[in-house]
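Below: one structure, written as structure tokens.
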2 protein chains.
Amino acid sequence: MKTERQQEIIDVALMLINEKGIQGLTMKNLSREIGISEPAIYRHFENKIQILLAILDLFRESTREIFEKELHSGISATEKIEHLFTRHFERFANNPSLVSVIFSEELFRGEPLLMQKIAEVIDKNASILTQIIQQGQQNGEIRDDISADHLAVTVMGSLRLFVKIWQFSGYRFSIKEDGGKLLTSVKILIQKN
Amino acid sequence: MKTERQQEIIDVALMLINEKGIQGLTMKNLSREIGISEPAIYRHFENKIQILLAILDLFRESTREIFEKELHSGISATEKIEHLFTRHFERFANNPSLVSVIFSEELFRGEPLLMQKIAEVIDKNASILTQIIQQGQQNGEIRDDISADHLAVTVMGSLRLFVKIWQFSGYRFSIKEDGGKLLTSVKILIQKN
DNA sequence: ACAAAGTTAGTTTATATTCACTAACTTGCA
DNA sequence: TGCAAGTTAGTGAATATAAACTAACTTTGT
């Protein structure tokens with residue numbers, strides 16, 4: 001599906017976004033970092049938007065995997081949320097560049113194709129998380145004095161802000177370790193009793 | 001301090017950021033929207049960064065007001081958090097453009113002056129919220145089985161994500177009304193017992 | 001030998017900023 | 001009081017830089 005060079009372009013593009021933000025992803029920087037000329041990149045991608053779309057696809061696929069596998073497994077809702085957190089933390093720890101993508105909604109405004117793809121991912125994830133919580137409420141694991149929607153906003157909001165703080169710190173603390181602690185707190189917050 | 005024209009430039013700049021994102025804030029768009037020539041803007045601001053700094057200052061001041069007034073008032077911690085939420089919602093309802101600024105960290109990367117100002121605001125707010133929560137824990141209003149830090153991440157994370165959802169919806173629901181409901185849920189989550 | 005992947009040298013478009021100049025005012029003082 | 005001098009806010013034209021992308025040629029590996 002994807003050639004080696006295409007993969008390399010995507011990897012380096014992600015790195016650039018991570019280091020300097022979307023403004024840092026220029027064809028010039030990209031080619032310099034890879035070690036080929038600018039036009040050479042056009043042998044592998046039609047244009048810059050296709051590169052960004054490929055990045056978003058990558059992101060969507062790895063996110064979809066995390067979310068959908070959880071939804072249909074036989075474990076408890078609490079465990080599902082636990083897995084959701086830890087898998088995300090693992091993913092970000094292995095590939096911090098993805099964090100920039102997760103917060104990139106603002107950056108893609110004006111590019112309908114990119115915005116649409118971002119919106120898709122966000123909607124899908126939100127609805128799956130809400131489903132998981134509802135299910136947990138039905139079988140008595142998760143408190144039902146608060147609506148599943150609100151709990152989902154809280155859970156997802158905590159996760160997002162925590163990741164953002166990690167990014168802002170320059171990745172100075174261990175997202176897996178400290179994230180695990182936050183997860184414990186979130187579990188206590190949403191559990192029944 | 002600020003002339004009428006400077007205020008107008010700031011207002012229009014905010015509007016542009018809100019409508020088309022930061023990419024939409026060009027000197028050309030700005031001048032067209034105001035109805036003067038591009039160079040005329042330079043009679044009022046040294047350069048574009050100074051305009052953005054002025055916007056961030058505005059944002060910082062109105063945020064500082066909200067946070068600091070709460071901290072030193074005599075009301076309970078829960079009420080303080082309540083005020084914090086509702087004041088924010090009011091502010092955003094009156095001036096949706098500010099929402100774009102609150103999520104603009106990613107866009108200002110590469111401009112040290114802007115990044116620094118953003119970081120300042122975020123740090124300050126986080127520390128004040130944590131203080132408020134600690135105080136609530138000490139006088140038994142707020143649960144103390146979870147650290148103030150984690151509760152702060154949850155409260156702030158929920159608020160942020162909710163505002164983001166509102167923005168994404170195209171401001172289609174009432175942030176004051178629905179935000180009030182979310183607030184009720186958050187209060188239940190963090191209260192003692 | 002030929003197609004894929006590369007290069008050099010451009011083009012076009014956009015953007016922030018500067019330049020030289022002007023019309024309309026305000027101010028200081030003979 | 002009246003006018004010379006200065007200030008303010010504007011203009012159109014030009015400049016510098018950077019971006020994405022293209023045309024035409026060359027190299028390289030099977």
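All chains are named by letter (A, B, ...) in the order of the sequence lines, taking the proteins before the strands, and each is independently numbered beginning at 1. As a basis for the values below, the full set of heavy atoms in this structure was taken, side chains included, without hydrogen atoms, waters or symmetry mates. Just so it is clear, the structure is predicted and the values come from calculations on it, not from any experiment.
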Can you figure out which of [options] approaches the side chain of [X] most closely?
X: B/Arg43; options: C/dG6, C/dT17, C/dC21; result: C/dC21
X: A/Lys48; options: C/dT7, D/dA19, D/dT11; result: D/dA19
X: B/Ile36; options: C/dC19, D/dG10, D/dA23; result: D/dG10
X: A/Glu38; options: C/dG6, D/dT11, D/dC21; result: D/dC21
X: A/Tyr42; options: D/dA19, D/dC21, C/dC19; result: D/dC21
X: B/Thr26; options: C/dT15, C/dA9, D/dT11; result: C/dT15

Length of the line joining [X]:[atom1] and [N]:[atom2], which is rounded to integer Å:
X: B/Glu111; N: C/dA16; atom1: CD; atom2: P; answer: 12 Å
X: A/Leu52; N: D/dC21; atom1: CG; atom2: P; answer: 10 Å
X: B/Ile49; N: C/dT17; atom1: CD1; atom2: C1'; answer: 12 Å
X: A/Lys28; N: C/dT8; atom1: NZ; atom2: C1'; answer: 14 Å
X: A/Asn47; N: C/dT12; atom1: CG; atom2: P; answer: 20 Å
X: A/Gln23; N: D/dA20; atom1: CD; atom2: P; answer: 11 Å
X: B/Leu30; N: C/dA14; atom1: CG; atom2: P; answer: 18 Å
X: A/Ile34; N: C/dA5; atom1: CD1; atom2: C1'; answer: 13 Å

- Message: Does B/Leu25 reach a base, just sugar-phosphate, or nothing at all? Heavy atoms under 4.0 Å.
- Response: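 Since only primed, P, OP1 and OP2 atoms lie under 4.0 Å of B/Leu25, the category is sugar-phosphate.
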- Given the rule in the side chain to side chain contact (heavy atoms under 4.5 Å, CB included) test, do B/Leu151 and B/Leu129 qualify, once you have shown the distances and angles that lead to the verdict? CA-CA 9 Å; B/Leu151 286 179; B/Leu129 179 58; over 6 Å; no
- Any ion pair linking B/Lys124 and B/Glu61 (charged N to carboxylate O, less than 4.0 Å)?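 Between B/Lys124 and B/Glu61 there is no salt bridge, as every charged N stays at least 4.0 Å from the carboxylate O atoms.
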- Message: Would you say NZ of B/Lys28 has more than 12 non-hydrogen atoms from neighbouring residues, nucleotides or ligands within 6.0 angstrom?
- Response: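 No, because the 6.0 Å sphere around NZ of B/Lys28 holds 12 heavy atoms or fewer from other groups.
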- Task: Using only side-chain N and O atoms of B/Arg5, determine if any of them is under 4.0 Å from OP1 or OP2 of D/dG10.
- Result: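 Yes, such a contact exists.
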- Does A/His44 have a side-chain nitrogen or oxygen under 4.0 Å from the phosphate oxygens OP1 or OP2 of C/dA4?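 No.
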- Message: Applying side chain to side chain contact (heavy atoms under 4.5 Å, CB included) to B/Arg160 and B/Phe103, what does each step give before you reach the verdict?
- Response: CA-CA 9 Å; B/Arg160 280 178 64 106; B/Phe103 294 116; 3.5 Å; yes
- Task: Anything under 30° is parallel, anything over 60° is perpendicular, the rest tilted; go ahead and classify B/Phe85 against B/Phe89.
- Result: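 B/Phe85 vs B/Phe89 ring planes: perpendicular.
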